[in-house]
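For clarity, every value in this text was computed on a predicted model and none was experimentally measured. Values below: every heavy atom of this structure, side chains too, minus hydrogens, waters and symmetry copies.
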Amino acid sequence: MRELVEVIAKALVENPDEVSVTEREDGDTLVIELRVAPSDMGKVIGKQGRIAKAIRSVVKAASAKSDIKAVVDIVQ
């Protein structure tokens with residue numbers, strides 16, 4: 001899942017070198033934390049959160065196929 005989020009985020013931002021994706025377990029849920037440069041935050045979130053929602057939908061579909069519950073957090 002980490003690689004999926006990383007590829008999507010790097011394609012969206014102007015500073016792909018500053019994209020950082022980490023995974024951690026929180027109970028039975030896999031939490032994927034996405035960090036980007038402050039200037040790229042708007043590109044990852046999108047108007048009214050549409051890009052962020054799309055990223056979360058793709059990860060949710062991919063994780064459901066693997067029988068894993070995954071959540072994407074976009075952090076500053």
Sequence neighbours excluded, which residues qualify as salt bridge (Lys or Arg N to Asp or Glu O under 4.0 Å) partners of [X]?
X   : result
K10 : E6
E3  : none
E33 : R24, R35
K43 : E14

Q. Can you pull the salt bridge (Lys or Arg N to Asp or Glu O under 4.0 Å) pairs that have at least one residue in residues 67-76, sequence neighbours excluded?
A. none
**Q.** Contacts of type side-chain contact (heavy atoms from CB on, under 4.5 Å), residue V7, not counting sequence neighbours
**A.** none
Q | Those residues that, when tested against Q48, pass side-chain contact (heavy atoms from CB on, under 4.5 Å) (two or more places apart) | A | R50
Q: Any chance you could measure R56, atom CZ, to S63, atom OG, to the nearest 0.5 Å?
A: 13.0 Å
(Q) Through direct or indirect side-chain contacts below 4.5 angstrom among Ile, Leu, Val, Met, Phe, Trp and Tyr, which residues connect to I74? (A) M1, L4, V5, I8, L12, V13, V19, V21, L30, I32, L34, V36, M41, V44, I45, I51, I55, V58, V59, I68, V72
